[in-house]
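Accompanying notes for the structure given below.
Computed from a prediction, not measured in an experiment: that's the story for all the values here. Chain identifiers are assigned alphabetically (A, B, ...) following the order of the sequence lines, protein sequences preceding nucleic acid strands; residue numbering begins at 1 within each chain. Excluded from the calculations below are hydrogen atoms, water molecules and symmetry mates; all remaining heavy atoms, backbone and side chain alike, are included.
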There are 2 protein chains.
Amino acid sequence: MADAVEPLKARRIYLLLRERILNGDLEPGSRLPGELSIAAGYGISRVTVRRALDTLASDGLIDRRPGSGTFVREGNSVQPIVADLSNVLSHLVEMGRRTGVRLLSFAYVNPPESVAASLGLEPGERTQRSIRVRLIDGAPFSYLVTHVPERIGVTYSEADLASTPLLGLLERSGVVVEEASQSIGATLAGPDVADALGLEIGSPLLSLTRVVWDPSGQGVEHLHALYRPDRYSFHMDLVRTGAVGARRWNPVAKPATAGPEPHKRIIKGPESPKPKSRPVRVSNQRRTST
Amino acid sequence: MADAVEPLKARRIYLLLRERILNGDLEPGSRLPGELSIAAGYGISRVTVRRALDTLASDGLIDRRPGSGTFVREGNSVQPIVADLSNVLSHLVEMGRRTGVRLLSFAYVNPPESVAASLGLEPGERTQRSIRVRLIDGAPFSYLVTHVPERIGVTYSEADLASTPLLGLLERSGVVVEEASQSIGATLAGPDVADALGLEIGSPLLSLTRVVWDPSGQGVEHLHALYRPDRYSFHMDLVRTGAVGARRWNPVAKPATAGPEPHKRIIKGPESPKPKSRPVRVSNQRRTST
DNA sequence: GTTACCTGTATACCCTATAATACATTTCGC
DNA sequence: GCGAAATGTATTATAGGGTATACAGGTAAC
């Protein structure tokens, strides 16, 4: 859609503004600051701002009304998939969405030191590394790099991996999966990831690193996942616990049973469209999310 | 440190490479691909790659050895603050780190529609909006925008906010805080945020949106937080629960009691340096994190 | 030694993205 | 109706970012 090549300064502004429009930070229907104000704000010339706006307009994200201003077009904020922090995707299937996996790479390698350390491998021990891309309704939303100790990896085939979730394969192989530890951050897309996820280099990404252990404390999987934040985000409900003076949040433990009931209360913020109805309390609904 | 102005394409490569070095994706001591390979990989010329490498070298992140190659200098990956998902910072204080807050803005406003909707406000109801920046050891790491319904906001002053955590003020005012819902995503830094956090425009950010309700289901706080991922990340421990065929992850509920014991097991991934020792199982230690 | 590959260095060119400026036209509030 | 402010349009000029190319010098593997 957008022109093949484009000025860089203009493109940066374009990307920034697009971000703010898509995640609802700039509210649909509202007016942007004037081109001159934007130019001043970013310290660039009006011509450059215009180029960015041109692209936005050709994307259908804004309406430009001469004499009046530039407006955010309605109905554009895209609702990302909301993942429970347990990061299980089966509810997507329940919701009738078509998911898919593309296996980009499958090999046995000498793992990076950081991976070896977190899995607790012996020096020189090799891992099976797979790179996969997950799709929802044909659109890629995550880029997954997993490392599994070689001796475990050999219990399933490349074809298995292309069709079955990794944890399922591990458990099928008799590995007992019990504990994991994960951390969430953010990064920029490099050329390979950008390509695989259909993004521009330099787009923001949610990053998740998870290490899974069996009951003996032996690492069985190291996952490094990158998510398109416009298509995927993490969600969790919290309750306030603890005594006065030491109060804190704790996650709400969710029942393992799953119902077909869809998410009803989605967090709103600068990052999602607004529901009209008043939010319902959590306890009044069963959250689905398995 | 870096030159004031810099080519844009070169700068993008610089930022990308810096990311990968700082979070350990490019391992300390390892050799980068040759300048020509990099150039080919990103589809740019060698001269441009060189400019990026020049900046990295002047940052002290790489060593360039003529005839041999370019190497990632050791000891550069910065450990981000690891926040528990309960997102409480008091453990930082326990660890003897100096934290601070800068209040950038304090005003009563007509909230964005998305905020009004998620708080369940009446049409036209105003909110108190504050913008704060949190510092650790003098370095900014988070940018917080909060909205509180006006009638609650008036129970504390601007000075209160500059010195006391918002939730504390709310509870002091008799508001009962019980439930919250939050989602985590990623974005790019705009000019204002970049400025406040000491970043470049276009840097990646962790984004957190949280809505807090009182027991009646009335929203009392809407928080939109942006974190520098190099200084802050979320961490959580999970256990595998549920019957076969419906197994899933659940967060480990942490005790409300806090001990001075520091984090011992940090997730390793492309995003943190490597410990030498084999990881210890979670259950063997008390995690601190209140 | 020889070869291959790497970084260091220099030059020259292109050309286009950006800025600066001016003016026309539309809309909206007063 | 008038004026302020917005977008649309056009022109020009320049800086400098990016490329291409060539060669020198160092290092390491064989």
Set of residues satisfying salt bridge (Lys or Arg N to Asp or Glu O under 4.0 Å) with respect to [X], sequence neighbours excluded:
X      : value
B/E35  : B/R46, B/R50, B/R64
A/D195 : none
B/D63  : B/R73

- Message: Does anything in residues 31-44 of chain A come within less than 4.0 Å of DNA chain C? Heavy atoms only, and list the residues if so.
- Response: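 The answer is A/I44.
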
- Note the angle between the end axes of the helix from C/dG1-D/dC30 to C/dC30-D/dG1, five pairs defining each, rounded to 10 degrees.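 Axis-to-axis angle, ends of the helix: 50°.
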
- Message: Does B/R64 contact D/dG26 through a side-chain donor or acceptor facing the base, at a distance under 3.5 Å?
- Response: no

- Task: Classify the side chain of B/R50 versus the base of D/dG18 as yes if they form a donor-acceptor pair under 3.5 Å and no if they do not.
- Result: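 Result: no qualifying N/O pair found.
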
Separation of atom [atom1] in [X] from atom [atom2] in [N], rounded to whole Å:
X     : N      : atom1 : atom2 : answer
A/L56 : D/dT7  : CG    : P     : 13 Å
B/K9  : D/dG17 : NZ    : C1'   : 9 Å
A/R11 : C/dT18 : CZ    : P     : 11 Å
A/D63 : D/dG8  : CG    : P     : 11 Å

- Task: Any side-chain hydrogen bond (donor to acceptor under 3.5 Å, both in side chains) involving residues 143-154 of chain B? Give me the pairs, sequence neighbours left out, ordered by first then second residue.
- Result: B/E125-B/R151, B/T127-B/H147, B/S130-B/T146

- Base, sugar-phosphate, or nothing for B/R46, non-hydrogen atoms under 4.0 angstrom? base

- Message: Nearest heavy atom decides the nucleotide; on that basis, is B/P66 or B/V47 closer to the 5' end of DNA chain C?
- Response: B/P66

